[in-house]
Structure formats: C-alpha cells, structure tokens
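A short write-up of the structure that comes next.
No experiment lies behind these values; they were computed from the predicted model shown. So you know, we letter chains A, B, ... as the sequences are listed, proteins then strands, and number each from 1.
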Number of protein chains: 2
Amino acid sequence: MDVFGALASPVRRELVQLLLERPRSAGELAANFSMSRPSVSEHLKVLRDAGLVSERRYGRRRLYRLEAEPFRELSQWLGPYERFWRDKLAGLRAVLEEDES
Amino acid sequence: MDVFGALASPVRRELVQLLLERPRSAGELAANFSMSRPSVSEHLKVLRDAGLVSERRYGRRRLYRLEAEPFRELSQWLGPYERFWRDKLAGLRAVLEEDES
DNA sequence: ACAATATGTAGGAGAATTCCTACCTGTCAA
DNA sequence: TTGACAGGTAGGAATTCTCCTACATATTGT
C-alpha cells in the first residue's frame, strides 16, 4: 500500500496527527483509540510499510516517529492542484470585483 | 468515501490528473485506461461522491471537470506536515553547516 | 421512428481491508 | 529465574473495493 492508501484510513490519519506532536510508543498511541491494541498495531504496520513512520526500540517499548520525506512527496504531488485552486480563487475575485465596478 | 479514500486509487489519481489539464467527457477519460469503460465510470462516481469532480451534461456527453475546493482542503490538511518537513530540512542544513565549520 | 452513440446501473466474483481474540516473543524488576 | 509488561503475529469473520459482462436510458442523425 502506498502513501495515499495509507492515509485513506481515518484511524491512520489520526495516528499520524498524534505523531506530528511528538514521537510516541505503540501503547500510548493505542490508548487514543477505542479499538483493540493489536488492531492499532496493524495500522502502525501499514504506516511503516508506506514509509510514513519509523520505529525505534527502547527496551520493551517501541517509539514511533513521523518521517518527513513522504509528506514532502505529497506536497509535491499536490503542487499542480494547489496552483489550480489558487487560480480558481483569483478568477473568482476578479469576477466579484467586476461586479462591484 | 471521503477525499483521501477517493485518491487512494492510482486509477482515480490518473483521472484527476487528466482533468487537471481540461474537462473531458467520460468516454475520452475511459480511453486512457485498459480497463472496461463501465469500471472507469464507477471510478468517476467515486470521485463525484467525494466532491473532487463535477459533471455537466451536454447532449449525450457528460463533461467532467475538476472541483477546486477539495484540493484546497487537502492543502490545508497538509499544512502542518509541510511545516514539519520544512523544519526537518532546516535542521539538516544546520547540522551540515556545523560539520563544515 | 429507428439505429447508433454516450454513458450510467445491476449483479456478482474475487481480492483486499479491517477488526477481533488468542498467542508468541523479548525485556524488565524483584 | 520468574512473573508482569510492551508489543508484534496468526488466523479468521465480516465488510468493502474493484473489476467484469449484461442491460437500461437518453440523445442524436437519417
């Protein structure tokens, strides 16, 4: 599953959002959800496989942290569309000003 | 299915990319894929339901066009992560310059 | 009116996703 | 060394996704 597929799940987007604040352990992450801990662990695996997060072991804990690169790629993918909607807004503004005059 | 879910499919991302150039009819879009035309039509429905594209009928043709708003929302969602990876890059640069000195 | 064109919908098969409980593994602390 | 803790893996049920062929609907040109 690629980056887009990984972010398609609301649960995984929430995980990613939690990791944006700071790295957290698997258990701490799981505590934020009503689903079972193993299920959260599976979601973490999806995020890992997509390269969105990495994991380091500290004793019996595993700290998950956000990886920057995939988000950079996402941003690049979005670039052309961003230009698209900015142009749309600019066009809209022009029309509104036209009406005012 | 929401915007993220809709963009999880490579086929739908390609559709969206085609529509970024200009609005196109369902048939013209389908011609770009090796899968059956009805399947492409179903992908278009997913994009429609997610609000990513809209459709206007011109006779027996239906022109699909990209909608700006969902991409704007995507951009806003990405905002905090964009800051995240920019900070990472800045940090990396700082470390490299440190090494040089 | 009729055949051809453009496109969506129905129904279904097969694959993938998502969640669960049970279980296994490695680490820490007494 | 042994029990408790942190966390991943296995196997499976229910659901959703993706693709197909067949069919239905609307429009156009003759």
Residue whose nearest DNA chain C nucleotide is more 5′ - Leu63(B) or Arg37(A): Leu63(B)
Distance in angstrom units between His43(A) NE2 and dG7(D) P, rounded: 17 Å
Arg24(A) CZ to dG7(D) P, straight-line distance once rounded to whole Å: 13 Å
Close side-chain approach of Leu78(B) to Trp77(A), heavy-atom, < 4.5 Å: no
Within-4.5 Å side-chain heavy-atom neighbours: Glu42(B) and Met35(B): no
Distance test, side-chain N/O of Ser39(B) to OP1/OP2 of dT18(D), below 4.0 Å: no
Gap between atoms CG and P, on Leu7(B) and dT18(D) respectively (whole Å): 12 Å
side-chain N/O Ser41(B) vs dG8(C) OP1/OP2, d < 4.0 Å: yes
Proximal nucleotide (of dG8(C), dT21(C), dG7(D)) relative to the Arg62(A) side chain: dG7(D)
Side-chain touch Tyr81(B)/Val16(A), heavy atoms, less than 4.5 angstrom: yes
Atom-to-atom span, CE of Met1(A) to C1' of dT18(C) - whole angstrom: 10 Å
Protein-nucleotide distance (Glu55(A), atom CD; dG7(D), atom P), rounded to Å: 10 Å
Residue Lys45(B), side-chain heavy atoms: nucleotide from dC19(D), dG8(D), dT9(C) that is nearest: dT9(C)
Note: Glu82(B)-Arg86(B) ion pair, threshold 4.0 Å (strictly below): yes
Sugar-phosphate only, base, or nothing, as touched by Phe33(A) at under 4.0 Å among non-hydrogen atoms: nothing
Any donor-acceptor N/O pair under 3.5 Å between dG8(C) base and Arg60(B) side chain: no
Closest to side chain of Arg12(A), choosing from dT18(C), dG7(D), dT9(D): dT18(C)
Earlier contact from the 5' end, DNA chain C, for Glu42(B) and Ser9(A): Glu42(B)
Any Phe33(B) side-chain heavy atom under 4.5 Å of Leu18(B) side chain: yes
Separation of dG8(D) P from Glu28(A) CD (nearest whole Å): 14 Å
Between dT17(C) (P) and Phe4(A) (CZ): distance, integer Å: 16 Å
Sugar-phosphate only, base, or nothing, as touched by Tyr64(A) at under 4.0 Å among non-hydrogen atoms: sugar-phosphate
Whole-Å gap separating P (dC19(D)) and CG (Leu44(B)): 13 Å
